2 protein chains.
Amino acid sequence: MDNVQFATATHILTLLAVTEGVVPSAYLAGSININPAMVRKALSTLRTHGLVETKEGKGGGAILAKPADKILLSDVYHAVNSTPLLGKANRPNPDCLVGKQINDHLIELYTQADNALINKLSTITLADFVKKFK
Amino acid sequence: MDNVQFATATHILTLLAVTEGVVPSAYLAGSININPAMVRKALSTLRTHGLVETKEGKGGGAILAKPADKILLSDVYHAVNSTPLLGKANRPNPDCLVGKQINDHLIELYTQADNALINKLSTITLADFVKKFK
DNA sequence: CCATACTGTAACTCTATTTATTACAGTACA
DNA sequence: TGTACTGTAATAAATAGAGTTACAGTATGG
């Protein structure tokens with residue numbers, strides 16, 4: 001992953017946490033300074049992971065699916081990210097003793113490293129994050 | 001970051017750890033299955049971080065700058081990576097209360113998450129990693 | 001002192017990924 | 001029924017990363 005989706009998702013959730021009622025994508029897009037269609041793509045991901053609910057039609061928009069203190073930042077991470085951050089590998093030479101084994105060992109390592117990061121994110125709730133805004 | 005540099009660097013260091021003497025970039029490139037010029041770019045980075053030494057001219061190549069049990073995987077990470085993995089952000093609207101503050105809060109969060117990952121990597125030496133190869 | 005075998009690095013191209021944009025059908029409300 | 005939304009597909013633009021080529025510079029050995 002080398003994308004802005006975690007930032008976008010966190011921004012959306014923060015706005016939803018501090019705003020009453022249902023919020024349209026155009027409003028969220030204005031704060032994040034991106035296109036409303038991008039916001040709706042992000043909301044689609046967050047919805048499938050149970051973090052927001054959306055409502056179609058006039059007066060529609062998004063709202064948190066549960067209280068901000070029940071949403072962990074690791075939930076946000078999992079919503080936008082399915083592979084370890086340190087996840088890229090080469091296609092090494094299978095005729096080399098090291099080359100033929102290294103990807104298995106790297107995957108194991110990447111998983112350990114990713115879990116350390118996820119564990120840290122799981123100690124912070126959206127509510128904790130939102131508290132920083134004054 | 002979304003690149004293969006950590007994998008390349010770790011592969012190079014593993015090969016150097018299991019090989020006697022100075023190893024030319026063409027040999028390393030053969031195991032990793034990449035271009036020798038890419039290997040030399042990677043070696044250049046590792047050299048400036050004190051992890052390898054290189055020798056020019058005929059019979060030249062690379063060698064570990066210190067024993068494998070003195071090289072931490074976090075050293076490798078630092079060599080190839082200067083910004084947090086979760087590091088990307090938008091350019092939010094400065095006229096919005098959330099938008100104008102969020103990047104500062106995200107940077108703080110990214111740093112914490114990155115440190116958790118680095119701490120994990122700092123518990124593993126190159127020697128530990130190399131032991132997995134049979 | 002010259003042929004050889006390397007490194008170091010710049011310039012460039014190619015490719016993959018991510019982001020942005022546009023468009024429009026579908027839906028809900030008043 | 002008009003209006004204000006969502007959902008999503010298609011596509012374009014931008015960016016970053018990887019790969020390639022080229023060649024000057026350097027060390028070694030005969």
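This one's a predicted model, so the numbers in the text were calculated from it and none came from an experiment. Chain A is the first sequence line, chain B the second, and so forth, proteins listed ahead of strands; every chain is numbered from 1.
Under a 3.5 Å cut-off, the side chain of N90(B) and the backbone N or O of N33(A) do not form any donor-acceptor pair. Side chain of N93(A) to backbone of G30(B): a donor-acceptor contact under 3.5 angstrom is found.
For the segment residues 51-66 of chain B, residues with any heavy atom less than 4.0 angstrom from an atom of DNA chain C are, sorted by number, T54(B), K55(B), E56(B), G57(B), K58(B), G60(B), G61(B).
In this structure, H78(B) NE2 and L51(B) CG are separated by 11.5 Å, a value rounded to the nearest 0.5 Å.
Heavy-atom minimum distance, L106(A) versus T10(B): CD2-CG2, 4.1 Å.
Cluster note: V22(A) groups with I63(A) through ILVMFWY side-chain heavy atoms spaced under 4.5 Å, whether in direct contact or through intervening members.
Ring geometry, F133(A) versus H105(B): the interplanar angle exceeds 60°, so the pair is classed perpendicular (tilted spans 30 to 60°).
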Nucleotide-resolved protein contact map, nucleotides 12-22 of chain D, B/S/- at heavy-atom distance under 4.0 Å:
-----SSBBBB
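Sorted by first then second residue, the salt bridge (Lys or Arg N to Asp or Glu O under 4.0 Å) pairs that include residues 78-99 of chain B, not counting sequence neighbours, are D2(A)-K88(B). Residue pairs meeting the salt bridge (Lys or Arg N to Asp or Glu O under 4.0 Å) criterion with at least one partner in residues 110-132 of chain B, sequence neighbours excluded, are E108(A)-K132(B), D128(B)-K131(B).
Note on R47(B): only backbone sugar-phosphate atoms sit closer than 4.0 angstrom, heavy atoms only; bases stay farther off.
Applying the 4.0 Å criterion to OP1 and OP2 of dG8(C), one finds that S44(B) has every side-chain N and O outside that range.
Within the 4.5 Å cutoff, no side-chain heavy atoms of L126(A) are placed close to those of L72(A). N103(B) is listed as a side-chain neighbour of P92(B), based on a closest heavy-atom distance under 4.5 Å.
A rotation axis mapping the C1' atoms of four pairs onto the next four is fitted at both ends of the helix from dC1(C)-dG30(D) to dA30(C)-dT1(D) over five pairs, and the angle between these axes is 20° to 10 degrees.
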